[in-house]
Amino acid sequence: MGRAEARRAAKSGGIRRLFTWRKMLGTFFGLCLLVMGGFAALYLYVDVPPANAAAQEQSNIYKYSDGSILARTGSGANREIVDLAVVPKKVQHAFVAAENKSFYRDQGVDLKGTTRGVLNTLSGKGKQGGSTITQQYVKNYYLTQDQTVSRKLKELVISLKVDQRMKKDDILAGYLNTVFYGRGASGIQAAAQAYYGVDAKDLDVSQGAYLAALLQAPSQYDWARATPTGKRLVKERWAYTLNNMVEEGWLDRAERDKLTFPVPEAPKAAPGLEGQTGYLVEAANQEMERQGITEEMRRAGGWTITLNIDKKRQKQLEKSVDRQLENQLDRKKNKVDATVQAGATSVDPKTGKVVALYGGVGATEHYISNATRRDYQPASTFKPLVLASALENGSQTQDGNLIGLNTVYDGTSRRPVVGSDTPFAPQNEDDVSYRNPTVQTALDKSINSVFAQMVVDVTPKAVKRTALGLGVPDENFPERPAITLGTMNASTWDMAGVYATLDNHGKKVTPTIVKSAVHRDRTMEPVDGIGGQAISRASADTVTKALTEVVDLGSGHEANTSAYDAAGKTGTSEDNKAAWFAAYTPELSTVVALYGESTKEGGGQVSLTGTANSGRANGGGFPAKIWADYTLGALGGGSDASFDLQGVERGETAVTETPSAPPTPSEKPSHTPSATPETPSESPSESPVEESPPVETPSETPSETPSETPSGTPDPGGTQQPPGRPGGGQFGQ
């Protein structure tokens, strides 16, 4: 053996002598004794404390931006203590089956679950399941919700002592009466009322299993606000709970098989949150959750939450809706009027602050906020975003002409788009065709056929990318030509942010309602309402320039006044189920929408046609009037501020456009609602025909010579086409 081998052998032998089995076992047992000794000392040191502050829950205070009080919540928690004997036995067993099957057999702790929780806390993974009912009761009644190692160790020790000193039924009663179920309900009695409108004594086993399943994630599993995934998960946990009951012998299999999922009642706002207050508080709570302040943290109380809501502007918005809409409706006698829901959001485009919000007739009468709901389509308020994307991407027509405000398109109604794999031929309002309209005219009159072709020229993918960057949510948003009609889902909150971004010269505006949220132990990081450049200033300012004419001369003329500069767009969705007006001044971006919502159980979307006996309730009607009334008051009677527009892009046109002729008598603007639409519709009166086979040439033979009809004027017959090859050239196909 050489010297090198000898040295390696000596070194290896030294390591083996250092890590012998005897030494390793001794070290292991020494550590075990140390841990046991530490736990024994902790057990002697930690005693069962008095009830925590949650038993005397503090209020949360919500304030307007000026510091005046908007609402107080949490004082005297929504809780009514009931004896365990009041709760049906099978309902008791449902909670045990869901949370802790071994409750009646264990010693109050789950060492494996607690160890996992400690390790997850140390590694920063946050809260994890695994606690017994006893541990959860101890956490709720004696300790805090803080996710710290010291709190978890205290929870373990106190749980052992509580299990020794209290009967299982007393522990279960304490648990059922202290746990939080969502909807502001603490304790099983409040939960039974909140979800099923009954007392705890009247809950059946199926309802009890739902409430037990709910505890895993009250916000996510509340049926009224759950996503499709949340609904699937809570139904699975409901079934899991009942199956565990069968396994434990608490429920017959035959009875289990007959049970159906008990859909809870629609939630009702807590007392004191009537009118718009409940909507404002809920919007603030949702923003806090997005910023990491969980419902559990908020429910502990002690928060002072100051909103960005301007008290005067908020009151003005409420008055404007009453004056321009509610006073015109007969909700009791007119079936259509009874279905009308109004929503609005108003944003400061320089800061992103939500200064006013209208959620509906009242939070206690209509729980869902019409300001933040996303189940309706924004319709033609989306068209300016198609133009924005065309400008931002330097898009060209099918013949290579740069798209801008002067670019000429074919305005024939039902004209099939060219250049798309997906056939699409939308109808213009009243099936009216337009001869030689520019992009500006098409926006003024909301000509569907023009924007259908434009979205193909830009590509649906690029349009969607621009829209998402501006703030449109990615909900029901396929990359198809039909998106030009605003067929995705969005709220007035979303669209107010989108239009505020255009107002802010393309710099991203995110609506934010919470100015500050302060607690003794923590604070919330407020949302930064202003981000980076979503689109270039030139693109944004060009869209603004176009939208000023929509207000001055087009479908948004109801908002036209010399008291302020305004830019905006109307929108009316398919079958008149929603009507929108989205517009802004240099100082304020506001979106108003009407929704047709069935009054029958389960709701559903219905047509607004016939609202206040006025025929079609389009975006240029009630929504525009509400917007104008509110904006005038919110700006103190008017404003001298003007749009500072730079780099307006006119685009290319291959023909000289003659001035548009005045509207025909049937199309002249009317300042009173009528049964006849004032301007061509923002959406087709029939469903978009994406299933139609592609059409390579127009249905009518093009004229050999240019039409003498002034460009942009209606061509009801649609019998003549612009000069040039069919579907080509400057007409953007």
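Side-chain atoms are counted along with the backbone in the values below, which use heavy atoms only and exclude waters and symmetry mates.
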### Task
Output yes when a side-chain donor or acceptor of Q189 lies under 3.5 Å from a complementary backbone atom of V82, and no otherwise.
no
### Query
So among V91, L84, I133, which one has a side-chain contact (heavy atoms from CB on, under 4.5 Å) with L176?
L84
### Query
Is K168 salt-bridged to D106, cutoff N-O under 4.0 Å?
yes
### Query
Do D204 and S206 meet the criterion of a side-chain donor-acceptor pair at a distance under 3.5 Å?
no
### Query
R313 side chain to V355 main-chain N or O, any donor-acceptor pair under 3.5 Å?
no
### Query
Do you know the tightest heavy-atom contact between L259 and L251?
CD1-CD2, 4.3 Å
### Summary
Sorted by chain and residue number, the salt bridge (Lys or Arg N to Asp or Glu O under 4.0 Å) partners of D337 (sequence neighbours excluded) come out as none
### Query
What's the spacing between L307 CG and D66 CG if we round to 0.5 Å?
10.5 Å
### Query
Side chains of D494 and S491: is there a donor and an acceptor less than 3.5 Å apart?
yes
### Message
Would you say Q193 and D199 are linked by a side-chain donor-acceptor pair, where the criterion is simply a distance under 3.5 Å?
### Response
yes
### Query
Is the backbone N or O of A371 less than 3.5 Å from a side-chain atom of T492, with the two atoms forming a donor-acceptor pair by type?
yes
### Check: Q92 side chain, V87 main-chain N or O, donor-acceptor pair, under 3.5 Å
yes
### Task
Can you establish whether the number of heavy atoms outside Q220 located under 6.0 Å from its atom CD is more than 12?
no
### Query
What is the distance from atom CD of Q377 to atom NZ of K577, rounded to the nearest 0.5 Å?
8.0 Å
### Summary
Here the salt bridge (Lys or Arg N to Asp or Glu O under 4.0 Å) pairs for residues 86-102, sequence neighbours left out, are K90-E255, E99-R237, K101-E247
### Query
What is the distance from atom CZ of R72 to atom OG1 of T277, rounded to the nearest 0.5 Å?
13.5 Å
### Query
Just by modelled atom types, is the A342 backbone N or O under 3.5 Å from a matching donor or acceptor in the N370 side chain?
yes
### Query
Is the backbone of I305 close enough, under 3.5 Å, to the side chain of N60 for a donor and an acceptor to pair up by distance?
no
### Query
E365: what forms a salt bridge (Lys or Arg N to Asp or Glu O under 4.0 Å) with it, not counting sequence neighbours?
none
### Query
With distance as the sole test, does E597 use its side chain to make a donor-acceptor pair with the main-chain N or O of A338 at under 3.5 Å?
no
### Task
Enter the distance from F95:CZ to L215:CG here, rounded to the nearest 0.5 Å.
5.5 Å
### Task
Would you name the heavy atoms of A97 and M245 that are closest together and state the gap between them?
CB-CG, 3.5 Å
### Task
Locate the shortest heavy-atom distance separating T241 from A98; write the atom from each residue and the value.
OG1-CB, 3.3 Å
### Query
Which pairs count as ring-ring contact (aromatic ring centres under 6.0 Å, His included) when at least one residue sits in residues 283-314, sequence neighbours excluded?
W303-H519
### Matching residue for W223 among F261, Y210, W238 - test: ring pair (Phe, Tyr, Trp, His ring centres under 6.0 Å)
F261
### Query
Does R105 pair with E248 as a salt bridge, N-O distance under 4.0 Å?
yes
### Task
Kindly check if the number of other-residue, nucleotide or ligand heavy atoms within 6.0 Å of NZ (K231) is above 12?
yes
### Task
Kindly compute the distance separating OG1 (T304) from CD1 (I69), expressed to the nearest 0.5 Å.
8.0 Å
### Query
What pairs with Y376 under ring pair (Phe, Tyr, Trp, His ring centres under 6.0 Å), at least two apart in sequence or on another chain?
Y595
### Query
Is it true that a side-chain atom of Q291 and a backbone atom of E525 form a donor plus acceptor pair closer than 3.5 Å?
yes
### Least distance between heavy atoms, M288 atom then V514 atom
CG-CG2, 4.4 Å
### Task
For residues G278 and A363, report the shortest heavy-atom separation together with the two atoms involved.
CA-CB, 3.7 Å
### Message
Can a donor-acceptor pair be found, under 3.5 Å and without considering hydrogens, that links the side chain of E274 to the backbone of T364?
### Response
no
### Query
What's the shortest heavy-atom distance between P473 and N489, and which atoms?
CG-O, 3.4 Å
#### Entry: Partner set under salt bridge (Lys or Arg N to Asp or Glu O under 4.0 Å) for D375, not counting sequence neighbours
R373
### Any donor-acceptor pair under 3.5 Å from S573 side chain to A578 backbone
yes
